[in-house]
Visitor: 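The following block contains the structure, expressed as structure tokens.
Computed from heavy atoms alone, side chains included, the values below leave out hydrogens, waters and symmetry copies. In the text below, chain A, chain B and the rest are named by the order of the sequence lines, each starting its count at 1.
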Amino acid sequence: MPLILKLNGLFNTFGASSSVIIRVLTEDGCVVNQVVRENQVIVVVGETGSGKTTQLTQYLHEDVYTKGAIIGCTQPRRVAAMSVAKRVSEEMETDLGDKVGYAIRFEDVTSPNTVIKYMTDGVLLRETLKDADLDKYRYAPSDSSQYFIFFGIFCTLDLFNLMDDGTHERSLSTDVLFGILKKVVSRRRDFKLIVTSATLNAEKFSNFFGSVPIFHIPGRTFPVNILYSQTPCEDYVEAAVKQALTIHLTSPPGDILIFMTGQDEIEASCYALAERIQQLVSSSSRAVPELSILPIYSQLPADLQAKIFQPAAAGARKCIVATNIAETSLTVDGILYVIDSGYGKMKVYNPRMGMDALQVFPVSRAAADQRAGRAGRTGPGTCYRLYTESAYLNEMLPNPVPEIQRTNLGNVVLLLKSLRVDNLLDFDFMDPPPQENILNSMYQLWVLGALNNVGGLTEIGWRMVEFPLDPPLAKMLLMGDRLRCTDEVLTIVSMLSVPSVFFRPKDRAEESDAAREKFFVPESDHLTLLNVYQQWRVNQYRGDWCNDHFLHVKGLRKAREVRSQLLDILKTLQIPLVSCGMDWDVVRKAVCSAYFHNAARLKGVGEYVNCRNGTPCHLHPSSALYGLGYTPDHVVYHELVLTTKEYMQCATAKLHNSSVCLVHPSVTFLREFERREREREREKERGR
DNA sequence: GAGCACTGC
């Protein structure tokens with residue numbers, strides 16, 4: 001059992017100046033700094049509102065033994081990194097970017113003076129690429145005192161905090177960082193690591209780093225009374241609507257937050273709620289107070305999203321119906337009642353078929369607690385769970401399945417290979433992804449030419465690591481260089497890196513479909529994306545032009561941002577920006593080169609099968625290839641997504657007269673690959 | 001003849 005130290009009240013001076021804390025702590029014998037001196041790694045359980053992201057870093061910085069140290073602190077979101085850095089720079093009375101700074105994808109607000117640096121975990125992961133031992137976070141002792149040798153470098157790996165609000169999910173980056181940091185810690189005695197954690201995970205993290213001590217910092221939230229359904233609920237949309245009405249008519253003032261799984265359910269609940277209220281108003285003699293019903297999900301246009309933060313009219317109550325966006329990504333004050341359906345959508349990946357699917361799952365206990373906590377930010381609240389206590393205790397997983405176990409690992413494999421982790425199956429993952437998943441990603445990288453026959457990075461592989469892109473897209477970019485069409489490929493890659501730019505409101509479906517078809521380039525969705533972007537550019541990147549053509553302005557602007565970042569990387573690699581003009585057949589060759597693993601041949605009407613594994617795949621009705629009047633005999637596709645069928649998202653047909661072979665000779669290589677795997681297995685067994 | 005939980009480099 002790891003040692004658990006309770007330091008109650010230690011950081012409860014949240015909001016007070018840091019000097020007060022320092023005094024209190026230095027007068028106290030048992031202080032965190034001392035524990036940090038005595039331990040290379042600690043786990044800190046900080047409850048909501050404990051101030052661990054803002055106070056802990058300052059405290060470490062002000063400790064006399066850490067003078068000269070650089071403190072890094074990761075945050076799960078970009079806004080969090082920015083706003084925490086701003087706040088701490090104000091508290092320390094320095095300019096943002098001077099002593100206190102932050103780094104996120106498109107912005108590096110740090111200077112040589114920076115001693116406390118907030119960043120997203122993805123940025124830190126990228127830093128490990130250039131600097132595997134994180135030497136930047138090294139302390140150069142100006143004093144020869146022996147004591148100094150071991151102290152000075154702190155890296156607060158803050159995985160579970162959005163501002164002062166706990167979250168519980170581990171991203172792909174944090175899971176990889178865990179393994180890398182464990183190595184760094186063992187190599188460098190002068191490197192200190194503080195992992196902050198939710199209560200549920202603390203012991204697991206502690207064990208991963210070798211049973212390191214755990215600290216507890218209490219928070220400042222209000223109690224939430226949790227009420228369960230007596231019986232399992234058949235229709236949680238109906239149950240949620242009923243519960244919301246009951247609260248509205250019988251409970252004291254305070255806003256309501258309902259958790260649903262997606263857009264459809266949210267729209268259905270909002271509609272039902274509005275209808276019931278209307279019925280009550282017309283049938284009841286009693287006055288029915290006003291209820292302001294507000295949907296929120298990420299796809300909702302920004303101006304409608306902003307409405308949830310506006311205070312309700314006098315005497316009215318707000319009822320927000322949300323996806324799990326309200327679980328972690330945004331916080332609304334004034335919520336006293338939470339209604340939790342107990343479900344959420346999650347992306348799952350099937351490595352064997354190379355297919356993604358978005359599916360509804362029961363949420364984890366940690367997520368359910370997070371949802372309940374949303375009722376306790378302004379005062380004591382209530383959470384109505386539309387499931388039984390027994391379901392909570394016996395059927396829900398304690399934690400969500402980490403992303404690393406349910407996603408394509410192409411990027412992770414490439415990254416680890418570049419860090420010279422030779423045997424990925426031996427890498428110290430806290431929760432190792434399925435072996436099949438790793439092998440499949442390795443195979444894919446080998447097909448793309450990024451790995452050689454013995455699993456090492458090739459010249460192309462090393463260059464692919466430079467790009468913050470999935471391996472196939474990085475390959476497409478490099479092929480664009482070889483085929484002298486970097487300009488066009490750069491645009492396609494950027495467009496594929498943002499959510500679909502086509503806007504299709506339900507009530508104007510036909511109109512928007514017609515608008516989309518105007519951009520079609522025959523036989524290619526990739527070239528259609530290129531066409532959209534180029535026309536937008538011709539029209540001076542105008543917002544009103546987007547609206548006229550049913551395109552998402554936000555998405556296109558993001559694509560432009562991504563494009564300019566990738567262009568910078570091309571410059572540093574000394575790859576020139578070359579346009580092939582209107583000779584787009586050459587662009588199609590680059591596109592094909594990226595998707596050997598996603599090549600399919602025609603099998604029936606509109607039905608294809610993957611050339612390698614025989615997975616059925618269908619053309620999506622929104623594809624430029626759909627209404628051609630004929631179906632090309634070979635296509636490549638960006639990804640396969642399971643909805644009502646296995647649909648190919650973004651497809652391009654093979655050129656009729658092209659000598660480009662869509663079926664990579666790898667089909668025979670695969671057999672060779674598998675044979676070697678089997679041989680290795682056998683050798684292992686013989687060894688035993 | 002049809003879909004979109006949510007981040008991040």
Side-chain angles (χ1 to χ4, degrees), chain A residues 74-81 103-108 119-130 159 162 167 169-177 259-267 296-300 322-330 341 343-348 356-361 363 367 400 402-404 406-407 411-412 414-415 464-471 473-474 497-506 509-510 512-513 516 552 555 558 561-562 565-566 568-569 605-606 618-623 626-627 639 641-649:
Chain A
T74 70
Q75 295 285 309
R77 305 265 189 280
R78 296 164 58 166
V79 273
I104 57 176
R105 176 161 175 170
F106 291 107
E107 268 180 281
D108 185 354
M119 65 203 127
T120 48
D121 40 25
V123 167
L124 184 60
L125 189 57
R126 282 271 144 190
E127 279 186 10
T128 64
L129 278 181
K130 304 263 182 296
L159 309 178
L162 173 62
T167 78
E169 276 192 54
R170 275 151 45 196
S171 71
L172 199 59
S173 312
T174 52
D175 262 29
V176 178
L177 273 172
F259 283 102
M260 289 287 160
T261 68
Q263 186 177 344
D264 280 353
E265 280 176 10
I266 288 174
E267 280 168 5
I296 178 100
Y297 45 89
S298 79
Q299 298 274 336
L300 196 73
T323 58
N324 36 24
I325 193 172
E327 207 174 280
T328 51
S329 297
L330 53 88
S341 65
Y343 290 92
K345 281 188 187 171
M346 209 168 51
K347 205 170 183 176
V348 285
D356 276 317
L358 203 59
Q359 288 177 348
V360 174
F361 288 100
V363 298
E403 191 186 2
I404 196 157
R406 51 182 174 88
T407 192
N411 245 330
V412 174
L414 198 62
L415 196 95
M464 280 166 65
V465 182
E466 299 287 332
F467 299 97
L469 290 169
D470 281 336
L473 295 183
S497 302
V498 300
S500 171
V501 296
F502 295 110
F503 180 49
R504 193 174 188 270
K506 274 198 188 97
E510 281 184 26
S512 54
D513 283 347
R516 192 185 62 243
H552 278 124
K558 178 94 183 161
E561 234 180 24
V562 171
Q565 190 200 16
L566 294 174
D568 285 344
I569 296 172
V605 184
H618 304 263
L619 282 176
H620 195 271
S622 68
S623 168
Y626 194 82
E639 56 181 3
V641 177
L642 178 71
T643 50
T644 47
K645 276 183 194 165
E646 302 88 346
Y647 282 111
M648 296 181 276
Q649 305 275 324

Visitor: Step through the shown structure and confirm whether more than 12 heavy atoms of other residues, nucleotides or ligands are within 6.0 Å of CD on A:Gln359.
Guide: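 More than 12 within 6.0 Å, yes.
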Visitor: Any base atoms under 4.0 Å from A:Ser500, or only sugar-phosphate, or nothing? Heavy atoms, all strands.
Guide: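 Since no nucleic acid heavy atom lies under 4.0 Å of A:Ser500, the category is nothing.
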Visitor: Taking for each residue the nucleotide of DNA chain B bearing the nearest heavy atom, is the 5' side occupied by A:Gln649 or by A:Ile296?
Guide: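 Mapping each residue to its closest nucleotide by heavy atoms, the 5'-most match is A:Gln649.
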Visitor: Ignoring the backbone of A:Arg78, work out which of B:dG8, B:dA2, B:dC4 is nearest its side chain.
Guide: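 Nearest to the side chain of A:Arg78 among the choices is B:dG8.
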Visitor: Can you name the closest pair of heavy atoms from A:Pro402 and A:Asp175 and give their distance?
Guide: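 Shortest heavy-atom contact: CB-OD2, 4.0 Å.
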Visitor: Identify the two heavy atoms, one from A:Ala103 and one from A:Asp108, that lie closest to each other, and give their separation to 0.1 Å.
Guide: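 Heavy atoms only, the tightest pair is CB-OD1, 3.9 Å.
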Visitor: Assign A:Ile104 to base, sugar-phosphate, or nothing according to its heavy-atom contacts below 4.0 angstrom with the strands shown.
Guide: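 Since only primed, P, OP1 and OP2 atoms lie under 4.0 Å of A:Ile104, the category is sugar-phosphate.
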Visitor: Determine: side-chain N/O of A:Ser173 to OP1/OP2 of B:dG8, distance under 4.0 Å, yes or no.
Guide: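 Checking A:Ser173 against B:dG8: no side-chain N or O falls below 4.0 Å of OP1 or OP2.
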Visitor: How would you list, by chain and number, every residue that makes a side-chain hydrogen bond (donor to acceptor under 3.5 Å, both in side chains) with A:Arg78, sequence neighbours excluded?
Guide: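 For A:Arg78 there are no side-chain hydrogen bond (donor to acceptor under 3.5 Å, both in side chains) partners, ignoring immediate neighbours.
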Visitor: Quick one: which of B:dA5, B:dA2, B:dG8 gets closest to the side chain of A:Asp513?
Guide: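 The answer is B:dA2.
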Visitor: Between A:Gln263 and A:Ser497, just flag the one whose closest nucleotide in DNA chain B comes earlier from the 5' side.
Guide: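 By nearest-heavy-atom nucleotide position, the 5'-most residue is A:Gln263.
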Visitor: Given atom CD of A:Gln75 and atom P of B:dT7, what is their separation to the nearest angstrom?
Guide: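 Rounded to the whole Å, the gap is 16 Å.
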Visitor: Remember a base hit wins even if backbone is also touched, and classify A:Thr120 as base, sugar-phosphate or nothing at under 4.0 Å, heavy atoms.
Guide: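 Touches sugar-phosphate only.
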Visitor: Measuring to OP1 and OP2 of B:dA5, would you say a side-chain N or O of A:Ser298 lies under 4.0 angstrom away?
Guide: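 False: A:Ser298 side-chain N/O out of range (4.0 Å or more) of B:dA5 OP1/OP2.
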Visitor: Mind checking side-chain hydrogen bond (donor to acceptor under 3.5 Å, both in side chains) for A:His552 and listing every partner two or more places apart, or none if nothing turns up?
Guide: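 Testing A:His552 for side-chain hydrogen bond (donor to acceptor under 3.5 Å, both in side chains), a comparison that skips the adjacent residues, returns none.
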Visitor: Under a 90° cut-off about 0 for the syn range, is B:dC6 syn or anti?
Guide: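 For B:dC6, whose glycosidic angle is more than 90° from 0, the conformation is anti.
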Visitor: In terms of side-chain heavy atoms of A:Tyr626, which of B:dA2, B:dA5, B:dG1 is nearest?
Guide: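 Closest of the options to the side chain of A:Tyr626: B:dG1.
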Visitor: Between atom CG in A:Leu125 and atom P in B:dG8, what is the gap in whole Å?
Guide: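 So the CG-P distance, A:Leu125 to B:dG8, works out to 15 Å.
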Visitor: Just how far, in rounded Å, is C1' of B:dG8 from CG of A:Asp175?
Guide: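 About 14 Å, once rounded to whole Å.
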Visitor: Counting side-chain heavy atoms from C-beta on, which of B:dG3, B:dA5, B:dC9 comes nearest to A:Lys347?
Guide: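 The answer is B:dA5.
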Visitor: Would you kindly say whether A:Thr407 and A:Glu403 are connected by a side-chain donor-acceptor distance under 3.5 Å?
Guide: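 Result is no, nothing qualifies.
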Visitor: Rounded off to whole Å, could you give me the CZ-to-P distance for the A:Phe106 and B:dT7 pair?
Guide: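 Those two atoms, CZ and P, are 15 Å apart.
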Visitor: Check every strand shown and say whether A:Phe467 touches a base, only sugar-phosphate, or nothing at a heavy-atom separation below 4.0 Å.
Guide: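 Here A:Phe467 touches no strand at all.
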Visitor: Think A:Thr323 has a side-chain N or O under 4.0 angstrom from the OP1 or OP2 of B:dC6?
Guide: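 For B:dC6, OP1/OP2 do have a side-chain N/O of A:Thr323 under 4.0 Å.
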Visitor: Answer with base, sugar-phosphate or nothing: what part of the nucleic acid does A:Arg504 contact at a heavy-atom distance below 4.0 Å?
Guide: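 Base, at least one base heavy atom under 4.0 Å.
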Visitor: Considering only side-chain heavy atoms of A:Arg126, which listed nucleotide, B:dC6, B:dC9, B:dA2, is closest?
Guide: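 Nearest to the side-chain atoms of A:Arg126, counting from C-beta on, is B:dC9.
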Visitor: Rounding to an integer number of Å, can you tell me how far A:Met260 CE sits from B:dC6 C1'?
Guide: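 Interatomic distance, CE of A:Met260 to C1' of B:dC6: 18 Å.
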Visitor: Between B:dG3 atom P and A:Met648 atom CE, what is the distance in whole Å?
Guide: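 The answer, rounded to whole Å, is 14 Å.
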Visitor: Between A:Met119 (CE) and B:dT7 (P), how many Å, whole number?
Guide: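 So the CE-P distance, A:Met119 to B:dT7, works out to 22 Å.
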Visitor: Among B:dA2, B:dC6, B:dG8, which nucleotide has an atom closest to any side-chain atom of A:Asn324?
Guide: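 Taking heavy atoms from C-beta onward, the closest nucleotide is B:dC6.
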Visitor: Write down the distance between OH (A:Tyr343) and P (B:dC6), rounded to a whole number of angstrom.
Guide: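 From A:Tyr343 OH to B:dC6 P: 20 Å.
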